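Working notes, structure below.
Small disclaimer: the values here were computed from a predicted structure and weren't measured. Start at 1 and go down the list; that is how both ligands and their atoms are numbered.
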Amino acid sequence: MSARPDSSQHDRKKITVRSLHEKKQAGEKIVCLTAYDASFARILDQAEVDVVLVGDSLGMVVQGHETTLPVTVEDILYHSQMVANGLSHALMIVDMPFLSYTSIEAALENAGLFMKEAGAHMVKLEGGADQVDIVSALVQHGIPVCAHLGLQPQKVHKLGGYRVQGRETRAAEAMLEEARILEQAGADLLVLECVPNELAEMITRALSIPVIGIGASAACDGQILVLYDILGLSMGRVPKFSHNFLSEAGSIDGAVRAYVDAVKSGKFPGKNHVFS
Ligand code: KIV
């Protein structure tokens with residue numbers, strides 16, 4: 001058995017940063033999922049998932065920790081190398097783990113490692129205005145960046161739990177402003193996690209870069225979920241914003257394809273998966 005993609009898909013174009021921007025302009029939904037190994041990555045790639053994120057969620061769903069904080073640069077590098085072996089079309093984003101971007105030097109060194117040794121196409125980091133210098137430095141050195149606002153799981157202890165962010169007017173205004181600042185700093189993509197529906201829609205309309213929601217809004221330019229949640233594999237409580245696609249589809253491949261169809265057609269997320 002091989003994790004290599006099959007040759008019947010050779011006509012499909014590779015997803016690039018540019019094609020993601022074009023999808024936003026064309027109003028075409030961007031489908032994203034996490035993956036942590038080559039076999040799952042191949043299934044996602046063949047189901048035409050556009051973006052595969054090697055998320056630090058691997059600390060929870062693969063390693064069994066309670067938070068993403070214990071995940072190391074070495075863990076992410078190892079899993080990214082495996083995921084890259086399963087992809088031939090999707091764009092691979094690699095998450096910068098907790099405390100791996102505390103200075104411009106550290107961010108460049110670690111993001112550089114993911115680009116050079118795992119073939120990452122983009123890196124993702126959590127944070128707003130506090131990360132602007134890091135985002136600009138990465139972009140200036142040719143490293144595309146996906147920013148991440150709303151619930152930032154690496155700040156779980158500071159936030160006092162996994163909660164919806166931006167419900168109060170001042171917090172909502174601040175998030176919109178931070179999204180604009182990150183776009184100006186050169187971010188090419190923005191993930192919004194656990195953000196009220198209306199605010200997520202407002203931010204999506206305000207930015208020219210694609211905005212990807214998770215517990216955000218159907219109006220976002222695309223959606224992302226944790227693969228193990230849609231397959232019913234995650235330990236503990238499954239978040240309200242997710243959905244088990246395997247129970248209806250009956251196979252892993254079918255579940256991933258059902259998720260792709262649901263995002264592309266605008267059926268997912270439904271009213272039950274977003275916050276007011
Ligand atoms: O680590 C992860 O999987 C993520 C997604 C939930 C966006 O950051």
Before signing off on this row, confirm whether [X] and ligand 1 have an N or O atom pair separated by under 3.5 Å.
{"X": "Thr34", "answer": "no"}
{"X": "Glu193", "answer": "no"}
{"X": "Lys124", "answer": "yes"}

Which is it for Leu53 and ligand 1 at heavy atoms under 4.0 Å: side chain, backbone, both or neither?
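Only the side chain of Leu53 comes within reach of ligand 1.
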For ligand 1, note which part of Asp95 has a heavy atom under 4.0 Å away: side chain, backbone, both or neither.
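Asp95 to ligand 1: side-chain contact only, backbone stays beyond 4.0 Å.
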So if I count the atoms of ligand 1 from 1 in the order they appear, which ones are less than 4.0 Å from some heavy atom of Gly55?
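Near Gly55, meaning under 4.0 Å from one of its heavy atoms, ligand 1 has 1 (O), 2 (C), 3 (O).
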If you draw a 6.0 Å radius around NZ in Lys267, do more than 12 non-hydrogen atoms from other residues or ligands fall strictly inside?
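No, NZ of Lys267 has 12 or fewer neighbouring heavy atoms, counting only those of other groups under 6.0 Å.
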Can you tell me if CD on Glu22 sees more than 12 non-hydrogen neighbours from other groups inside 6.0 Å?
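Yes, CD of Glu22 has more than 12 neighbouring heavy atoms, counting only those of other groups under 6.0 Å.
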Might you point out which heavy atoms bring Leu176 and Ala206 nearest each other, and give the distance in Å?
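What the structure gives for the nearest pair is CD1-CB, 3.8 Å.
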Output, in order, the C-alpha distance, side-chain angles, deciding distance and verdict of side chain to side chain contact (heavy atoms under 4.5 Å, CB included) for Asp56 and Phe98.
CA-CA 8 Å; Asp56 62 357; Phe98 183 54; 5.7 Å; no
Between Met96 and His148, does the side chain to side chain contact (heavy atoms under 4.5 Å, CB included) criterion hold? Intermediate values first, please.
CA-CA 11 Å; Met96 301 287 288; His148 183 150; over 6 Å; no
In the protein, what heavy atom is nearest to atom 6 (C) of ligand 1, and what distance, to one decimal place, separates them?
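Here the closest protein heavy atom is Ile214 CD1, 3.6 Å.
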For atom 3 (O) of ligand 1, what's the nearest protein heavy-atom neighbour? Residue, atom name and distance, please.
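Going atom by atom, the protein heavy atom closest to atom 3 (O) of ligand 1 ends up being Ser57 OG, 2.5 Å.
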Sub-4.0 Å heavy-atom approach of His148 to ligand 1
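Yes, His148 has a heavy atom closer than 4.0 Å to ligand 1.
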Taking side chain to side chain contact (heavy atoms under 4.5 Å, CB included) as the criterion, tell me which of Gln63, Met60, His79 meets it with Val71.
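For Val71, the side chain to side chain contact (heavy atoms under 4.5 Å, CB included) test succeeds with only one of Gln63, Met60, His79, which is Gln63.
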The test is side chain to side chain contact (heavy atoms under 4.5 Å, CB included); show your working for Phe241 and Leu225 and say whether it passes.
CA-CA 9 Å; Phe241 56 72; Leu225 286 177; 3.9 Å; yes
